[in-house]
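Notes follow once the structure below has been shown.
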There are 2 protein chains.
Amino acid sequence: MQDLNLRYLYEAAKLGSMRAAADSLGVAVSSVSRQISQLESELGIGLIEHGRRNIKLTETGVLLIEHFSEQLRLNEAFDARLSDIKGLRTGRIHLAIGEGFIGQPLSNLLIRFNAKHPGLFIDVHMSASSNEVVRLVAEDDVHLGLVFQSSEDPRIRVLASVRQPLCAVMNAGHPLAAHKSLKLADLKSHRLCLPEPSLRTRQLLRTAESIEGVSLQPSVTSNSITLLKSLVQSGEFFTLLPVLAVSKEVENRQFAAVPIVSSALQDAAVQLICRLGRRLPPAPLRMLDALTAYLEASGATIDLSGIVKETPTKP
Amino acid sequence: MQDLNLRYLYEAAKLGSMRAAADSLGVAVSSVSRQISQLESELGIGLIEHGRRNIKLTETGVLLIEHFSEQLRLNEAFDARLSDIKGLRTGRIHLAIGEGFIGQPLSNLLIRFNAKHPGLFIDVHMSASSNEVVRLVAEDDVHLGLVFQSSEDPRIRVLASVRQPLCAVMNAGHPLAAHKSLKLADLKSHRLCLPEPSLRTRQLLRTAESIEGVSLQPSVTSNSITLLKSLVQSGEFFTLLPVLAVSKEVENRQFAAVPIVSSALQDAAVQLICRLGRRLPPAPLRMLDALTAYLEASGATIDLSGIVKETPTKP
DNA sequence: GGGCAGGTTGCGGCAAACGCAATGCAGTTC
DNA sequence: GAACTGCATTGCGTTTGCCGCAACCTGCCC
């Protein structure tokens with residue numbers, strides 16, 4: 001039982017004749033007649049009174065038309081919801097980020113985005129590690145991910161990349177705060193807390209350590225950046241973090257962020273990622289724009305090559 | 001947006017892969033893939049996450065599947081109602097009859113029929129004249145009609161015909177009641193009431209009058225047979241009616257029905273009619289059987305030629 | 001990095017739907 | 001009541017869309 005045949009019967013019943021229905025539908029009368037007959041065969045019961053000039057539905061015919069009308073209503077409701085999705089009036093956006101991205105800039109972005117698209121639901125999933133973010137992205141559990149220096153996972157496409165050097169971060173009153181720049185070796189003399197080895201920041205640091213031939217010994221590690229910042233705030237510890245993670249405190253003159261002279265740490269970057277080959281729905285696509293602008297505003301080079309947009313036709 | 005494509009997507013989503021869906025549906029994998037792709041093109045939005053091993057629906061895909069499930073429920077509800085109609089568990093039967101048919105035999109028939117098919121609704125429309133019955137039948141306002149000696153309307157098919165002579169009907173104590181048979185001329189000496197000229201009974205009588213060369217003058221006419229019977233019951237009047245209309249009173253020995261020697265009146269018949277070429281739905285078809293049996297029980301010749309039964313294939 | 005399992009794409013075949021035209025049929029007009 | 005008009009039905013050749021097969025591509029697992 002198809003929509004098609006039903007539409008013919010529906011139109012014929014509404015307009016009172018097969019001819020009118022055929023004209024209205026832009027098909028030949030014979031098609032209308034045949035489709036109705038076929039429908040009767042399939043259902044095994046008469047739907048219209050045959051052998052008359054005008055169409056008159058049987059009891060079953062009336063029932064079927066009512067059924068079809070309900071079906072139409074259902075379809076219209078769905079079309080409306082679909083149009084909402086396409087018009088960005090509704091939709092879900094799933095983001096995965098490292099803890100380091102949580103802060104005023106991201107909050108501002110979300111606030112502005114929500115003001116512009118009040119119907120869009122956004123879930124920001126904070127992951128304990130970049131690997132977790134990558135996994136979520138690769139398995140389509142989230143649309144987009146924000147990671148610090150992502151790995152070279154073949155399933156991942158980097159949509160935008162912003163240089164985000166790792167800096168030494170300390171309380172404004174800390175002895176190291178006076179320096180314009182620091183070498184890795186300069187850091188050994190103060191008490192250090194660091195992210196856990198599972199975090200990308202730490203892995204990056206390990207690379208730099210081996211290049212520079214310096215080995216740093218943290219007194220405390222944690223996967224909670226909030227905890228690290230708390231330790232830094234006390235003045236007892238300093239740590240290594242991307243500026244992004246402490247932008248608010250630096251702006252407040254509460255913290256100082258001192259660049260470290262090390263190519264490995266200077267070339268570090270924040271990356272906006274999605275699964276390779278994934279076509280994003282309208283809402284996440286719009287979020288992608290916003291995030292790209294957000295990263296651009298961070299003032300570094302953006303690599304936008306190879307963004308896959310959602311289109312009806314295949315790329 | 002067809003049912004077909006949706007079923008493919010539905011099955012693929014349910015089973016988790018296109019191959020499983022293809023096996024389950026008995027089609028090639030390529031068909032499933034193509035139908036889903038086409039659906040995405042039509043809707044202009046992605047429904048599944050492409051470039052993965054297993055099927056995963058997008059937000060829109062989930063929505064669409066939910067929509068399809070609702071559609072399925074709707075279709076099942078309709079199928080159930082359709083099956084009720086075909087299984088005679090529900091349905092409407094519209095009958096048109098002349099007043100003369102109202103009485104115990106018809107009531108018994110309806111009671112028995114209703115006991116056998118409690119779900120079937122029956123409307124018995126009493127018409128003031130046979131012409132009215134014929135019109136209702138011809139215009140598909142009723143399924144079947146019971147008339148006394150119907151006209152030769154070309155739109156009408158006679159499904160069954162039972163001889164039902166017109167008799168002189170009088171109170172058991174009436175002078176005419178003693179006769180075994182009467183001639184038209186014998187009737188002139190008593191007070192007569194008759195149906196109105198619009199009724200078929202009366203038209204039949206007119207034919208007989210002209211053949212026999214006798215003219216009867218009724219003192220009272222009415223289109224209400226109940227009124228005529230009431231007049232007869234008083235003993236003052238006698239009338240002319242088919243036996244059927246007074247079968248109960250005759251059985252009770254309250255009335256007498258005396259045959260009239262006149263070929264025109266003897267050949268009179270009760271006819272079960274429907275519109276020419278009409279295919280009756282299941283319920284009225286069953287009623288047709290019952291009515292035919294009812295007429296058969298009246299003990300006269302039945303003409304069953306040319307009954308059109310409801311079948312999927314054309315006759 | 002080779003094999004496996006699953007999805008996509010190109011191609012030829014076939015069935016369903018279509019349009020056209022002839023026919024049948026009901027109701028109307030003269 | 002006969003021709004006519006408007007509608008539905010049917011037969012036939014054409015077109016369209018779906019299908020299966022097979023080759024190919026792509027993740028994913030060993």
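Just so it is clear: chains get the letters A, B, ... in the order the sequence lines come, proteins before strands, and each one is counted from 1.
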Atom [atom1] of [X] and atom [atom2] of [N]: how far apart are they, to the nearest Å?
{"X": "B/Leu15", "N": "C/dG6", "atom1": "CG", "atom2": "C1'", "result": "14 Å"}
{"X": "B/Ile156", "N": "C/dG27", "atom1": "CD1", "atom2": "C1'", "result": "15 Å"}
{"X": "A/Leu39", "N": "D/dT9", "atom1": "CG", "atom2": "P", "result": "13 Å"}
{"X": "B/Glu49", "N": "D/dC28", "atom1": "CD", "atom2": "P", "result": "13 Å"}
{"X": "B/Asn54", "N": "C/dG7", "atom1": "CG", "atom2": "C1'", "result": "12 Å"}
{"X": "A/Arg278", "N": "D/dT26", "atom1": "CZ", "atom2": "C1'", "result": "17 Å"}
{"X": "B/Ile48", "N": "C/dG7", "atom1": "CD1", "atom2": "P", "result": "8 Å"}
{"X": "B/Arg279", "N": "D/dA8", "atom1": "CZ", "atom2": "C1'", "result": "12 Å"}

Side-chain heavy atoms of [X] within contact of [Y], under 4.5 Å:
{"X": "A/Val158", "Y": "A/Leu272", "value": "no"}
{"X": "B/Thr58", "Y": "B/Ile45", "value": "no"}
{"X": "B/Asp141", "Y": "B/Arg135", "value": "yes"}

Could you check whether the rings of A/His94 and A/His143 sit parallel, tilted or perpendicular, using 30° and 60° as the cut-offs?
tilted
Residue pair B/Arg53/B/Ala138 against DNA chain C: nearer the 5' end by closest nucleotide is B/Arg53
Does A/Gln35 or B/Arg155 map to a spot on DNA chain C nearer the 5' end, using the closest nucleotide for each?
A/Gln35
Side-chain donor-acceptor contact under 3.5 Å, B/Arg200 with B/Gln203
yes
Sugar-phosphate only, base, or nothing, as touched by [X] at under 4.0 Å among non-hydrogen atoms:
{"X": "B/Ile55", "result": "sugar-phosphate"}
{"X": "B/Ser30", "result": "base"}
{"X": "B/Gly26", "result": "sugar-phosphate"}
{"X": "B/Gln38", "result": "sugar-phosphate"}

Side-chain N or O of [X] versus OP1/OP2 of [N]: is the shortest distance under 4.0 Å?
{"X": "A/Ser31", "N": "C/dG19", "result": "yes"}
{"X": "A/His50", "N": "D/dT9", "result": "yes"}
{"X": "B/Ser33", "N": "C/dT8", "result": "yes"}
{"X": "B/Tyr8", "N": "C/dG7", "result": "no"}

Which residue lies more 5' along DNA chain D, comparing B/Arg34 with B/Gly51 via nearest heavy atoms:
B/Arg34
DNA chain D: 5'-proximal contact among B/Arg19 and B/Val32 (nearest heavy atom)
B/Val32
